[in-house]
Amino acid sequence: MTVKPGENTEKQHPKRTRKMGKNTLSVHGGDNRARAHQAIPMPIVQTATYAFADTADLIDFMQQKSWGDGIHGREEYGRYGNPTVKAVEGKVAALEGAEDAVLFSSGMAAITSLLLSSLPTGAHLVMTDDCYRRTRQFCLSFLKRLGIETTIVATGDYDALEAAIEPKRTRFIISESPTNPYLRCVDLELIAEIAKRHKVQTIIDSTFGTPVNQLPLSYGIDYVIHSATKYLGGHHDLLAGVVAGRKSRISALRDARGVLGGIVDPQSAYLLERGLKTLGLRVSQQNETALKVAQFLETHPDVERVWYPGLPSHPDHAIAQKQMIGFGGVVSFEVRGDLQSTSRFIDAMDIPYIAPSLGGVDSLIEQPALMSYFEKTTEERLEVGIKDNLVRFAIGVEDAVDLIADLDQALKALHP
Ligand SMILES: *Cc1c(COP(=O)(O)O)cnc(C)c1O
């Protein structure tokens, strides 16, 4: 590939580690152009296994395999690899400025495979409190049963984070940025520095960030994880997850995937490769629209509070400004209302679907009290910081004026 970066007037990542811009990498990242039948898109190689020409071919493959990775240029069995899957892995690696990436069947498969394959019994993790609910559940119940303990510290309390590290026992600091639903941002450079000082590895779930907006590896973070179901796929039509990082570590994780079994199917990998081609375009638009929506909501009399890292009122605005290009497509806000009137507002919205998830071309809206915390009482929800009047708006690629007009008319439903 000889694409030249050219004059790029866009805001650049503070620690730039990529040679080309977000849109060029979205389209061409990881592209080796050696396509069957001269096809431009990576074909869907829909197979569970791969044939050998004869026994000599098989022996040749097995010998090469025993010498090390990456030299054989063919696959053996579907759980170990697939050309469509490899194409996506190359593109994500290029976008993250990573040496390599490995794709999984879901974001949770990515997280659980990484932790299960790297933690010995008796190990210890430090996790920030705003982490994805299922990641917390996995660490606090599943890993606990295997004798692996997790200490949870408040997001933003770096002294507590450092104090929670146990010499020789702590293996990982695991965090997210921005978080769900309050879009808290952790200082990636500071976390990497604390971890290095204590010889601990770092994992950042960058699902809400996307490689368009932030590059955790460029700050010295060891592993970046995505639920590719969200922005990377971008169309609410597939489930996938990915881990990017150093070559030797990702290669070990790919071997672990062959044992744990969480490989993505070729069809979903194809959809993901197709979705990724517009990642740069989509996320830039979502950044812009979300900022406009957040600014609109902040001045609206029926909105009590807006949570968006692009607003100076957000507790982590300074950190976000330091390490992000844009602030992402999710805006959370508290309306002036209770559980019922907030639901009335949500029901009055015309454009977004009521659904969990985020990051796709269609806007989605939800009331976390009823979506993720339905089984809890108002008091229990407040304990974990979820108010009944909280709304999470995951912005798609619709026109900002239409989304704002929709919000404006729906907010009237708060006073029927
Ligand atoms: C959705 C999500 C996950 C889980 O990903 P799946 O693809 O649904 O398994 C993990 N982390 C974050 C931040 C998410 O939003």
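One-based numbering, in listed order, for ligands and for the atoms of each.
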Q) Can we say R246 and D100 salt-bridge, meaning some charged N sits less than 4.0 Å from an Asp/Glu carboxylate O? A) no
What are the atom names and distances for all N or O pairs under 3.5 Å between ligand 1 and the protein?
| unit_1 | atom_1 | unit_2 | atom_2 | d |
| --- | --- | --- | --- | --- |
| ligand 1 | 5 (O) | S227 | OG | 3.0 |
| ligand 1 | 7 (O) | G107 | N | 2.8 |
| ligand 1 | 7 (O) | S227 | OG | 2.8 |
| ligand 1 | 7 (O) | T229 | OG1 | 2.6 |
| ligand 1 | 9 (O) | G107 | N | 3.0 |
| ligand 1 | 9 (O) | M108 | N | 2.8 |
| ligand 1 | 11 (N) | D205 | OD2 | 2.7 |
| ligand 1 | 15 (O) | K230 | NZ | 2.7 |

Q: Name all residues meeting the side-chain contact (heavy atoms from CB on, under 4.5 Å) criterion together with T342; count only those two or more places apart in sequence or in a different chain, and write none if there are none.
A: V335, Q367, N389, V391
Q | Which residues share a side-chain contact (heavy atoms from CB on, under 4.5 Å) with K412, sequence neighbours left out | A | D408
Q. Under 4.0 Å between a Lys/Arg side-chain N and an Asp/Glu carboxylate O for E99 and R249?
A. no
Q. Looking only at heavy atoms, what is the nearest atom pair of N287 and G328, with distance?
A. OD1-N, 2.9 Å
Q: For H300, enumerate each residue passing the ring pair (Phe, Tyr, Trp, His ring centres under 6.0 Å) test, keeping only those at least two apart in sequence or located in another chain.
A: F296
